[in-house]
Visitor: 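Sharing a structure here in structure tokens format.
Given the structure is predicted, the values throughout are model-derived calculations rather than measurements. Basis for what follows: all heavy atoms, side chains included, without hydrogens, waters or symmetry-related copies.
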Amino acid sequence: MSVIEIMDAAAPTHVAHRDNHTHRDVNGGWLRPAVFGAMDGLVSNLALMTGVAGGALSQQTIIITGLAGLAAGAFSMAAGEYTSVASQRELVQAELDIERSELRKHPADELDELAALYVSRGVEPVLARRVAEQLSRDPEQALEIHAREELGIDPSDLPSPTVAALSSFGSFALGALLPVLPYLLGASAIWPAVLLALVGLFACGAVVARVTARSWWFSGLRQLALGGAAAGVTYALGALFGTVVG
């Protein structure tokens, strides 16, 4: 068999390996925070509304409570996410400034440090030194490499506080809207709101299975059970408090 024939015979195997050799998104990307934000809005507003409904309050009160819970929760999530991500970004920037200063003041020591790091990972000392020297020629590239190796961060891929806040606001508001929606469409009892919210919880749990090793039905049922339990407990507490206060 010729070399060309061998390559042609092996090609399908390489193509199959390339097409099948994919991994699940372990970081979750945008999917995980968006889905969990929606689930947070669903569970918290559903529990809030069932608690009020358990106290035998009016339909108007339940609607106002649901809308207030949506607005308060969405703004709270957005503010908290913005502050958290901004603080994290500022901390990272401060550490990068320290590393940039060290590279400028002590380039030889930083070069030795990078070479030693590669040696610790199994690279031959001479080769590790050459690689470190070559990578350290560009100051910005050197900073990026040291940041990744020492701090575990990518300076070019820092999260945006604004994007984090807007995504949290939107996903929470969308989830919190589901329990309110039946009332806005004319429902006069709590059960349509509970039913729609539980369906939404199952759907969110099933979507989360995309970034986990669990099956979609297991994740969906688990989230359904947790959300249903939260709604049931708050309804019972609302009924209890309504009886005591009344």
Visitor: Measuring only between side-chain heavy atoms, which start at C-beta, is L226 closer than 4.5 Å to R222?
Guide: yes

Visitor: Anything under 3.5 Å between a donor and an acceptor, one on a side chain of residues 97-104, the other on a protein residue two or more places apart or in another chain? List them.
Guide:
residue : atom : partner : partner atom : Å
D97     : OD1  : R100    : NH1          : 2.9

Visitor: Name the residue from L42, L198, L201 that meets the side chain to side chain contact (heavy atoms under 4.5 Å, CB included) definition with L178.
Guide: L42

Visitor: Do you know which two heavy atoms are closest between G69 and L48, and how far apart they sit?
Guide: CA-CD2, 3.8 Å

Visitor: List the residues meeting salt bridge (charged side-chain N to carboxylate O under 4.0 Å, His left out) with R129, not counting sequence neighbours, and say none if there are none.
Guide: D112, E133

Visitor: Salt bridge (Lys or Arg N to Asp or Glu O under 4.0 Å): which pairs involve residues 116-128, sequence neighbours left out?
Guide: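 For residues 116-128, and leaving out neighbouring residues, the salt bridge (Lys or Arg N to Asp or Glu O under 4.0 Å) pairs sorted by first residue read R121-E149.
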
Visitor: Side-chain heavy atoms nearer than 4.5 Å, only ILVMFWY residues, links allowed to pass through others: does that put W216 and L221 together?
Guide: yes

Visitor: Going by heavy atoms in the side chains, are V131 and L114 under 4.5 Å from each other?
Guide: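 A side-chain contact under 4.5 Å is absent here.
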
Visitor: Where do M39 and C204 come nearest, in terms of heavy atoms and distance?
Guide: CG-CB, 3.2 Å

Visitor: Name all residues meeting the side chain to side chain contact (heavy atoms under 4.5 Å, CB included) criterion together with L70; count only those two or more places apart in sequence or in a different chain, and write none if there are none.
Guide: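 Side chain to side chain contact (heavy atoms under 4.5 Å, CB included) check on L70 returns N45, A173, A176, L177.
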
Visitor: If you link I, L, V, M, F, W and Y whenever their side-chain heavy atoms are under 4.5 Å apart, who else ends up in the same group as M77?
Guide: F172

Visitor: Mind checking side chain to side chain contact (heavy atoms under 4.5 Å, CB included) for A128 and listing every partner two or more places apart, or none if nothing turns up?
Guide: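 Only Y118, V119, V123 meet the side chain to side chain contact (heavy atoms under 4.5 Å, CB included) criterion with A128.
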
Visitor: Let me confirm one number: the CG-OG distance from D157 to S160, rounded to the nearest 0.5 Å.
Guide: 11.5 Å

Visitor: How many angstroms lie between atom CG of L67 and atom CE of M49, to the nearest 0.5 angstrom?
Guide: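 Here the rounded value is 8.0 Å.
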
Visitor: Just distance, no hydrogens or angles: give the donor-acceptor pairs under 3.5 Å from side chains in residues 141-148, sequence neighbours left out.
Guide:
residue : atom : partner : partner atom : Å
Q141    : NE2  : L135    : O            : 3.0
E144    : OE2  : R148    : NH2          : 2.9
H146    : ND1  : E110    : OE1          : 3.4
H146    : ND1  : E150    : OE2          : 2.8
R148    : NH2  : D154    : OD1          : 3.4
R148    : NH2  : D154    : OD2          : 3.1

Visitor: Could you list all the salt bridge (Lys or Arg N to Asp or Glu O under 4.0 Å) pairs where at least one residue sits in residues 75-93, not counting sequence neighbours?
Guide: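 Matches after skipping sequence neighbours: none remain.
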
Visitor: Within this structure, what is the CG-CG distance for the pair L46 and L196, rounded to the nearest 0.5 Å?
Guide: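 With rounding to 0.5 Å, CG (L46) is 10.0 Å from CG (L196).
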
Visitor: Residues sharing L174's hydrophobic cluster, by side-chain heavy-atom contacts under 4.5 Å among ILVMFWY, directly or via others?
Guide: none

Visitor: Mind listing the closest non-hydrogen atom pair of L111 and S136 along with its distance?
Guide: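 Here L111 and S136 meet closest at CD1-OG, 3.6 Å.
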
Visitor: Below 3.5 Å, can you tabulate the donor-acceptor pairs from side chains in residues 227-242 to any protein atom, sequence neighbours excluded?
Guide:
residue : atom : partner : partner atom : Å
T234    : OG1  : A47     : O            : 3.0
T234    : OG1  : T50     : OG1          : 2.9
T234    : OG1  : A230    : O            : 2.9
T234    : OG1  : A231    : O            : 3.0

Visitor: Could you give the distance from CD (Q88) to CG (L158), rounded to the nearest 0.5 Å?
Guide: 8.5 Å

Visitor: Could you list the residues that satisfy ring-ring contact (aromatic ring centres under 6.0 Å, His included) with Y82, not counting sequence neighbours?
Guide: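 Here no residue qualifies.
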
Visitor: Output yes when a side-chain donor or acceptor of S167 lies under 3.5 Å from a complementary backbone atom of A164, and no otherwise.
Guide: yes

Visitor: Indicate every side-chain donor-acceptor pair of residues 179-195 with a distance under 3.5 Å to a residue at least two apart or in another chain.
Guide:
residue : atom : partner : partner atom : Å
Y183    : OH   : A189    : O            : 3.3
Y183    : OH   : I190    : N            : 3.2

Visitor: Can you measure from OG (S219) to CG (L224) and round to the nearest 0.5 angstrom?
Guide: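 Interatomic distance, S219 OG to L224 CG, rounded to 0.5 Å: 12.0 Å.
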
